[in-house]
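Structure record follows, encoded as structure tokens.
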Amino acid sequence: MSETFIPFHVPDVGEEEIASVVETLRSGGLTTGPKVKKFEDDFGRFVGSSYAIAVNSGTAALHLALDAIGIEEGDEVIVPTMTFTATAEVVLYFKAKPVLVDCQPDTLNIDPGQIDSAITPKTKAIMPVDFGGQPCDYDAILEIARRRGLKVIEDAAHALPASYKGDKVGAISDITCFSFYATKTITTGEGGMATTENPEWADRMRMMSLHGISKDAWKRYTAEGSWYYEVHSPGYKYNLTDVAAALGLVQLAKCERFYEDRKRIAATYNTAFAEITEIERPSVQPEREHAWHLYILKLNPGRLRIGRNEFIEALKQRNIGTSVHFIPLHLHPYYRDTFGYQKCDFANASAAFERIVSLPIFPGLGDERIERVIEAVRDVAREYRQ
Ligand SMILES: Cc1ncc(COP(=O)(O)O)c(C=O)c1O
């Protein structure tokens, strides 16, 4: 036990990010300004989307997206149960109802085959989540949306950079929402981005991200700006700061390199775990580029004498940090008690939850620590084999 603990995640923030933030602080640019504008431009170009709106969290991006498409009290929105609470919570901001849908047992993405039966005359949108970084089945989801007259708001908090049949995530759905939270594939500490091809939705999201006041209000204290502004709607305070964007710009420039690193770690894990029958490796569907934000193992319960919690504890004893993504929404007290969900409602998500463990995967993990993770998994599987 002399080896140091390997945390589940360590953000990769280097001297370039520090210099960029310091330079921004020295320039006096603290809140929204030219760095945010450049971050939006670079990000839009990176994912191939015409409009990119930077905000201070992925949750804010999801909230603004639902506002832009006109979600109202009493509406229903399809949300996978296998997600973080942010995806569903923003629906509740409108006094609308998140209608949960089960996941596919292999990818853990929303099961398109179960969406149609969850749609009612009140349904306005589908919010697929690219779980762990793997894009959902967008041919099927977009076909359902078109046929039923629904909008698709993609929660791509895990999916930068990822692609589906050659199209980058960020340029597939009606609006796509990214997160730059500290553990995400690029970070601004806290932050998010919404991308769309629709200029009206882009204008609305931009306006609502800053109190609902008229366009370019952020310039009002600069030489280009004017003191005059108009309030068009009671908006929110969701604008990103230049300090955060200064960090984001450098992270975005490193995004491909980070991605290569995560892909390599996933490939190394996949090869090493191929012969360990006590565990199942992540399932990746064809024609998809997986962002590998998460590397999720599934335990094979019939082959192990211990459950998921003990497996995590055994890895911890071997100095390996892990996590669980996610506790499905229908198992949380709020969603269970408010909507009357039961464990048996979503068989795939409930069963998967008992089996999933997320391993460390981040740029800079390094060969020595990758090997230690692999050795620890192998050791626990061997020790607790049935
Ligand atoms: C699937 C998913 N959606 C949305 C969010 C919210 O992102 P943020 O923390 O930037 O608000 C997260 C954050 O962990 C997430 O995992």
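Start at 1 with the first residue, then count along the sequence.
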Name all pairs fulfilling the salt bridge (Lys or Arg N to Asp or Glu O under 4.0 Å) condition that reach into residues 14-32, sequence neighbours left out, sorted by first residue then second. E16-K254, E17-K254, E23-K35

Going hydrophobic residue to hydrophobic residue with side-chain gaps under 4.5 angstrom, can you get from I78 over to L108? no

Criterion side-chain contact (heavy atoms from CB on, under 4.5 Å) on L359 and L297, from CA distance to verdict: CA-CA 7 Å; L359 295 184; L297 284 181; 3.8 Å; yes

Between F180 and F39, how do the two ring planes meet: parallel, tilted or perpendicular, split at 30° and 60°? tilted

Could you walk me through whether F94 and D75 pass the side-chain contact (heavy atoms from CB on, under 4.5 Å) check? CA-CA 9 Å; F94 296 87; D75 288 345; over 6 Å; no

Between K151, M205, E154, which is the residue that forms a side chain to side chain contact (heavy atoms under 4.5 Å, CB included) with I175? M205

Within 45° cone of F178 ring axis and under 6.0 Å: K184 NZ or CZ: no

Given R382, R305, R303, R385, the one that forms side chain to side chain donor-acceptor pair (under 3.5 Å) with E278: R385

Looking at D41 and R45, does any basic side-chain N land under 4.0 Å from a carboxylate oxygen? no

How far apart are the C-alpha atoms of T120 and E76, what are their side-chain angles, what is the distance that settles it, and do they pass the side chain to side chain donor-acceptor pair (under 3.5 Å) test? CA-CA 8 Å; T120 76; E76 292 180 3; 2.9 Å; yes

Do N300 side-chain atoms and T277 backbone N/O form a donor-acceptor pair below 3.5 Å? yes

Any link between I265 and I296 through a network of hydrophobic side chains (Ile, Leu, Val, Met, Phe, Trp, Tyr) touching at under 4.5 Å? yes

Would you please classify the geometry between the H293 ring and the H158 ring as parallel, tilted or perpendicular, with 30° and 60° separating the classes? tilted

Can you check whether K343's main-chain N or O pairs, donor with acceptor, with S350's side chain at less than 3.5 Å? yes

Within the supplied structure, the quantity of interest is the number of heavy atoms (other residues, nucleotides, ligands) at a distance under 6.0 Å from K95 NZ; does it exceed 12? no

Would you please say whether a donor-acceptor pair under 3.5 Å links the side chains of S50 and E197? yes

If you count the non-hydrogen atoms of other residues, nucleotides and ligands that lie under 6.0 Å from OH in Y181, is the total more than 12? no

Are F353 and V324 close enough that some pair of their side-chain heavy atoms sits under 4.5 Å apart? yes

Geometric cation-pi criterion, R355 with F311: 6.0 Å, 45°: no

Work out which heavy atom in I186 is nearest to a heavy atom in F258; give both atom names and the distance. CG2-CD1, 4.3 Å

Please determine whether a side-chain nitrogen of the Lys or Arg among E260 and R257 lies less than 4.0 Å from a carboxylate oxygen of the Asp or Glu. no

When you check the gap from the basic side-chain N to the acidic O, do K37 and E40 get nearer than 4.0 Å? no

Give the ring-plane orientation class for H63 versus Y236, where under 30° counts as parallel, over 60° as perpendicular and anything between as tilted. tilted

Is there a donor-acceptor pair closer than 3.5 Å between any side-chain N or O of E190 and the backbone N or O of N56? no

Y335: which of L329, V79, T81 passes side chain to side chain contact (heavy atoms under 4.5 Å, CB included): L329

Using the six-membered ring wherever Trp is involved, compare the ring planes of F273 and Y295 and label them parallel, tilted or perpendicular (cut-offs 30° and 60°). tilted

Do Y51 and D203 have side-chain N/O donor and acceptor atoms under 3.5 Å apart? no

With Y259 as reference, evaluate R264, E289, H290 under the side chain to side chain donor-acceptor pair (under 3.5 Å) test and give the passing residue. E289

Testing F84, F131, F8 one by one against H325 for a ring-ring contact (aromatic ring centres under 6.0 Å, His included), which residue passes? F8

Could you check whether atom CZ of R336 has more than 12 heavy atoms from other residues, nucleotides or ligands sitting under 6.0 Å from it? yes

Donor-acceptor pair, distance only, cut-off 3.5 Å: does the side chain of Y164 make one with the backbone of D139? yes

